[in-house]
Structure formats: C-alpha cells, structure tokens
Amino acid sequence: MMVTPPFMEPFRIKSVEPIPFPTAEERRNSLAQAGFNLFRVPARQVTVDLLTDSGTAAMSAAQWSAVFSGDESYAGARSYEGFEAVVRELTGMPEVIPVHQGRAAERILFGTLLRPGEISVANTHFDTTAASVAAAGARCIDLPGRPDLPGNTEDSGLFGGNIDLEGLERVLRGPEKVRCVVLTVTDNAGGGQPVSPANLAEVRRLCAPRGIGVLLDASRFAENAYLVTRRDPEWVRASIPDVARAMFDLADGCFASLKKDGLANTGGLIALRDAALARDCRNRLIEVEGFPTYGGLAGRDLEALTKGLHEVMDPRYLEYRAESASWFADQLETAGFPVLRPTGCHAVYVDAAAKLAHIPAPELPATALANALYLAGAVRVTDLGTLVFGGPDPEGGPDRPAPREWVRFALPRRVYTRNHLEYVADIAAQVAAKATALSGYRILEQARTLRHFTAVLAPLGEPVPFEH
Ligand code: F0G
C-alpha cells in the first residue's frame, strides 16, 4: 500500500482530554517525592506519557458504541460469544479463554503446563512471563536470534525478534526437560523487533517430533504481521489476517495481553488447540479470575476487544503506526540520540549507555536519561536498563549490569499526534545538549522481584537546569 505522504493519522478526533503542563519546580518536586522513580510519579504531573503502549489506547467510536451493548450476565454472556468467534477466526484455535490482562494468562497457562524443574525456552520471555515460569518452579532460557550463526538465514536486522535456532537445537538435544518454546511477537524486551514466519516454522519443525509445545506471546500479533509484510518478500502481498493466521497455524497455543493489539484498556486471552489443557486452565481460571465466559473482564470489555481485534488489522492504521515510529526515531536521532534500527511499531529504543558513557551501569544511566527527560519537559519514558534487567549483587557489591541500557519511548495507540512527538523530540534535544552533565543514581530501597516498579532512588549529583 502507498504511504500517504507525509504519513498522517488515519482517524479524526471525536473526544479529547486536556494534558497537564507542570512547571519546572513542580517536576522537580514530583520526581523527588517519587523517590526519583518515574513509575511513582502521578500521571497528572506528566505532559506526554510514553511510559507504555499497554492499556493506553484511545478507543474508536465503534468500540465505545459496542461497550454499551455489553452483556453483563455472569454465565454464558452474549459478549463472550462474539469474542470467542473473533479469536477463533483470528487464531484458528478452538479453545478461547478470556482473562483480565496478559500476566493473568501467563500465570494460568504456565502454572498449568509447567512442572518444577522443567524449562521454557523463548526468543525473550517478557518479564511477567519469566515471573510466571519461575512461579511454576520451572526455568527460562532466552535465546535471542544471532544472525552470525548457521541456521539463521534471515537477515536478523530485519527479523531481530527471531529465536537463535542453533541455540534452540542445542538445548533440545541437551539433558534438560524442555516443556515449551515461546515466541514473543513482537519481541518487546528485545527492541520490538518482529519474528519471521520462517523462523517460527523452523521452531515448529524442531519441536513437533519431540512433543514440545510451541506457544506465541501474541500481545503485538498485528504489528508483527504488518512488519512481516514489509520485510519478507514472500509475504508482501499477503493480508494482515493471513500473515497472523499463518503464524498462529504454526503454534499449539497462544497467550496475549490485549492491552496492546486488542486496542482496549484492559484484557487478555489464552487460546489453545488442546481441549484437556484448556479444561485445566479453565479450572484454574475459575479459582483466580472468574467464570470462563468472562474471565476477569466485564461484558463491555469483551465487546470493546471484539471490535478492537478487527480494527487493529487495518493496514492503513498499521502503516501509520510503523511510519510514525520510524519518523519519530529520525527525530530522536536528529536530537542527538543513537536509536535502535530498524524501528518496529510500538516504541523507539534509545541507547542510553552510548549517550551517557560517563555513567557506569551500576549508577543507572538509563534511569538518568529517563529522569532527565521528565525534568526537562514532563516527558515520561521507560527505563530498560540496569534498574530493570540488572540486579543486586548477592555479596553486596555493585549492581549486576543489564546487557543493554535502553530507554524506550513507547507509543500509545491512536493517542498522541505528530505535534506531541515533535515536542518530545524538542525536549530530547535539550537533554542531549546537556548529556555529559547528567549524573547517575543509587538505589535506596528495592523489592526482591520486579524492583523497578517500586524502587526508591537518590541522585548522585546536582540536578541540571533545563530551559522551561
Ligand atoms: N507480554 C508482553 C510481550 C508484554 O509486552 C507485556 C506487557 C505482557 C506480556 C504482560 O501483559 O501488562 O497485560 O499483564 N507489557 C507492558 C509494557 C507492561 O509496557 O511493555 P500485561
């Protein structure tokens, strides 16, 4: 399809919400009161919130209309039937289990599937997925793709979400009991990069004869399908539903946070082929989420998702989304930041370690950059560095560094226009100009798991003043 030049939002705005403009002093106070942790800053003190693309979408007029017709019956609600039909059509999987969000799907599915000591292998397990695997007493192995290895024939620059097939084969031949292989599409923790159908087909070829389940974390299935049509010559002419279906056809089951490509503010699902596994999941669902025809959601949420799952596959919407990410990456690069290329759809990832080379990993350079963006212009982004993926040293030494010090500028769906992103790029340029003067942070308080959500930090230097 032709890119509308210059790309523009393929929708008009019917309902608006004012955004806050805190002063420099208010930003300084908010951040200090939040223990220098952006998760603890109230949203009313944020001008442009790029913390996450999860649950932050703007719903369409069609979705809001559908909300009103939600059937709130406890059992056998009509809203479930519509949702089930759409998910069956999309995935080809007969067993459809709604849940309230992605991590509920993970907790139920992995808690049912995995036994203590077993292994789950993935391109990358998202952090909540890894937590569910660990809660089942099982262990995660992440095998992000490596283009230099034989067997990985695709250009990994284009399909950076692919799993390392040679590594997978080695693990499968090893002594450990691999129960499932998960492909996260797109690979959020690895930069929002897509997985190719060819890579998934190889995974299936390796797993099927060994009786190992292939699962998709399909939270961004439509964005993955779109990127496949743009990057794999074999799929250029395919429709988004056809690519998505081809991927689902190669899997035994899937789970998803529908707070992303469900285009709604809450929701998740498990879809399976195996009726016995689905029955066991449903029994667990009843314990922790709700009756199988609502699974922790209201009927109105199911209605919004049923429409959202259709809308998200509109090629013009997906093209706009990919083009905005790529354009925004250009702006951030012009502002002075190294960005991860090629861009995916849901976020732009900036390399904080390269820009803040004077701040060592244990002093949290990604946190320093994220906090500076907040102080400069109340822009909130996600820190994906040592605070998130590193950890405390058991011997009490400096923090174990994360493999990368990324900051993620996530793009909520249908929420911000290009003007908002231009503002963010402008703030980023102000921060880039003062990057060498920024200082790091140390951790005062932290939880044992997922510490980034609640940690309390202290700055290691004086704050740098910004223009406005
Ligand atoms: N899987 C992936 C790939 C995700 O990106 C997320 C959430 C989840 C599972 C968990 O879903 O939040 O509905 O329980 N990602 C959000 C983010 C939080 O900001 O990337 P959830």
Side-chain angles (χ1 to χ4, degrees), residues 20 22-52 54-56 101 103 126-128 130-131 134-135 188-189 347 349-350 352-353 355-356 358-410 427 431 434-435 437-466:
T23 63
E25 193 190 344
E26 286 169 334
R27 301 193 298 265
R28 276 197 303 277
N29 289 340
S30 296
L31 192 61
Q33 277 164 19
F36 299 91
N37 179 345
L38 289 170
F39 275 108
R40 300 166 65 117
V41 170
R44 65 186 148 70
Q45 295 289 342
V46 177
T47 301
V48 179
D49 203 345
L50 307 186
L51 184 69
T52 179
S54 181
T56 50
Q101 68 179 92
R103 66 199 73 180
F126 186 67
D127 56 11
T128 55
N188 182 17
Y349 293 69
V350 159
K355 192 69 187 171
L356 275 58
H358 61 291
I359 303 180
E363 295 180 11
L364 313 177
T367 311
L369 176 55
N371 285 358
L373 289 162
Y374 178 74
L375 289 171
V379 169
R380 177 156 67 173
V381 297
T382 336
D383 163 356
L384 291 181
T386 289
L387 184 61
V388 183
F389 292 114
D393 176 51
E395 256 93 75
D399 257 33
R400 187 165 40 79
R404 298 173 279 249
E405 296 291 339
W406 275 343
V407 162
R408 182 186 74 169
F409 293 68
I427 296 300
V431 171
K434 296 189 176 171
L438 298 176
S439 42
Y441 287 83
R442 71 192 167 89
I443 302 171
L444 297 181
E445 284 173 31
Q446 57 184 307
R448 265 203 307 244
T449 51
L450 301 176
R451 62 179 182 170
H452 51 287
F453 290 122
T454 53
V456 177
L457 313 176
L460 290 166
E462 287 305 305
V464 173
F466 289 101

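Nothing fancy with the numbering, it's 1 onward along the sequence. Given the structure is predicted, the values throughout are model-derived calculations rather than measurements.
Annotation for Pro360 and Pro365: closest pair O-CD, 3.5 Å, computed over non-hydrogen atoms. Across all their heavy atoms, Ala368 and Leu356 have their closest contact at CB-CD2, 3.9 Å. Of all heavy-atom pairs spanning Glu363 and Ile359, the tightest one is O-CG2, 3.5 Å. Contact between Thr454 and Ala447 at its shortest, heavy atoms only, is OG1-CB, 4.0 Å. Between Lys434 and Pro465, the shortest heavy-atom distance links the atoms NZ-O, 2.6 Å. Residues Val381 and Arg408 come closest through the heavy atom pair CB-O, 3.4 Å.
Thr386 contributes no side-chain N or O that, together with a main-chain N or O of Leu364, makes up a donor-acceptor pair within less than 3.5 Å.
In this structure, Phe36 and Tyr441 have tilted ring planes: the angle between them lies in the 30° to 60° band.
Under the 4.5 Å side-chain criterion, counting only non-hydrogen atoms from C-beta, Leu31 is in contact with Leu38. Looking only at side-chain heavy atoms (C-beta outward), Val456 and Asn37 stay at 4.5 Å or farther from each other. Within the 4.5 Å cutoff, side-chain heavy atoms of Pro22 are placed close to those of Thr47. Looking at His452 and Thr367, their side chains never come closer than 4.5 Å, going by heavy atoms from C-beta outward. Looking at Pro392 and Arg451, their side chains come closer than 4.5 Å, going by heavy atoms from C-beta outward.
Taken to the nearest 0.5 Å, the CG atom of Leu369 stands 9.5 Å off from the NZ atom of Lys355. If you take CG on Leu373 and CG on Asp383, they are separated by 11.0 Å, rounding to the nearest 0.5 Å. Atoms CG and OG1, on Leu387 and Thr382 in that order, are 12.0 Å from each other to the nearest 0.5 Å. Interatomic distance, CG of Leu375 versus CZ of Arg28, reported as 8.0 Å (0.5 Å rounding). Distance CG/Leu450 to CZ/Arg103: 8.0 Å, rounded to 0.5 Å.
For Arg380, the salt bridge (Lys or Arg N to Asp or Glu O under 4.0 Å) partners two or more places apart in sequence, or in a different chain, are Asp49.
Side-chain contact annotation: Ser439 with Glu462, donor-acceptor N/O pair under 3.5 Å absent.
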field: Derivation of the side-chain contact (heavy atoms from CB on, under 4.5 Å) call for Val431 and Leu438
entry: CA-CA 9 Å; Val431 171; Leu438 298 176; 4.1 Å; yes
field: Derivation and outcome, side-chain contact (heavy atoms from CB on, under 4.5 Å), residues Arg404 and Leu384
entry: CA-CA 8 Å; Arg404 298 173 279 249; Leu384 291 181; over 6 Å; no
